[in-house]
Amino acid sequence: MADAVHDLGDSLSIGSAWLLNRLGKKSADSEFTYGYRRLSLFGALINSLVLIAGSIWVLSEAIPRLANPVMPVTEGMLALAILGVMVNGIAAYRLSKGYTLNEKILNWHLLEDVLGWLAVLIISIVLQFADWPILDPLLSVGFTLFILLNVIRNFWVTGKLFFQAVPDKALHKEIEHKLLAIDGVSDIHHQHLWSLDGEQHVLTAHIVADHEGVFGPDEYCAIKQSIAMALEQYPLAHTTIEIELTEEACRDQPVPSQTDQH
Ligand SMILES: [Zn+2]
Ligand SMILES: [Zn+2]
């Protein structure tokens, strides 16, 4: 029964991750103008929750067994465990190339399965020689805690991206410095950096052009060219830069200071 539930969870989780990843590659349309990349973030969130719930359930089963361990039936366990480690190991290895957040979560899920079978393998070997029934719940708890901690860490990262947190504070600062270093730029405010899916980011900012009296098409073009060069190296899917003149009032709500921008 437990295995059936676990397998169903696996299939749903892996299936939905695959589906959301595929749908996420759809290009933007007139309604979803940023495209569908956030679907993969959504998939990562759902899969983290499934994995966290599953791990807590495994712990709730295994922890009471620490107090009174039952000797498992080891007949045929060894052969089954070798098969389990091999099949799940190959699957995990083949899918481990992914680097999006969704794929990372999926990898933890597959690793959980491999570790589960590895635990069975170790137990079935050790129990041939020693009478240590506590090994079974002990390995379950250990491996599950390891998975749980990593999944919670991923869940936290994904959750923050979901609420448009700055994906990388150092990158945010670096972009600010790069833009401020441009000749003729005296200030930057309303700089917002958020991420579509952890890979591709969106940047908006207001920069103040200190033009010393003249600000014609030449100065405008020079600044725009410098901005393009400064931002070229970053993974920005959508960039919007507003150029303000020193005497111009900001259209958006005032921000306290350059270092205290929101
Ligand atoms: Zn703003
Ligand atoms: Zn402004």
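As the structure lists them, so they are numbered: ligands from 1, and atoms in each ligand from 1. All residue numbers refer to positions in the sequence shown, counting from 1. Just so we're clear, the structure is a prediction, and the values are computed from it rather than from any experiment.
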Inset, instruction - Answer yes or no: is there a donor N or O on one side and an acceptor on the other, between the side chain of Gln191 and the main chain of His172, under 3.5 Å? - result: yes

Legend entry - Donor-acceptor pair, side chain of Glu61 and main chain of Val58, under 3.5 angstrom: no

Legend entry - ILVMFWY cluster, Val141 and Leu149 together (side-chain gap under 4.5 Å): no

Inset, instruction - May I ask you to list the protein N, O or S atoms found at less than 2.8 Å from the Zn ion (ligand 2)? - result: His189 NE2, His206 ND1, Glu244 OE2, Cys250 SG

Legend entry - Atom of His192 nearest the Zn ion (ligand 1) (restricted to N/O/S, atom name only): NE2

Inset, instruction - State whether a side-chain donor-acceptor pair under 3.5 Å links Ser195 with His201. - result: yes

Inset, instruction - Answer yes if the side chains of Gln200 and His238 hold a donor-acceptor pair under 3.5 Å, and no otherwise. - result: no

Legend entry - Min side-chain heavy-atom separation Leu161-Leu196 under 4.5 Å: no

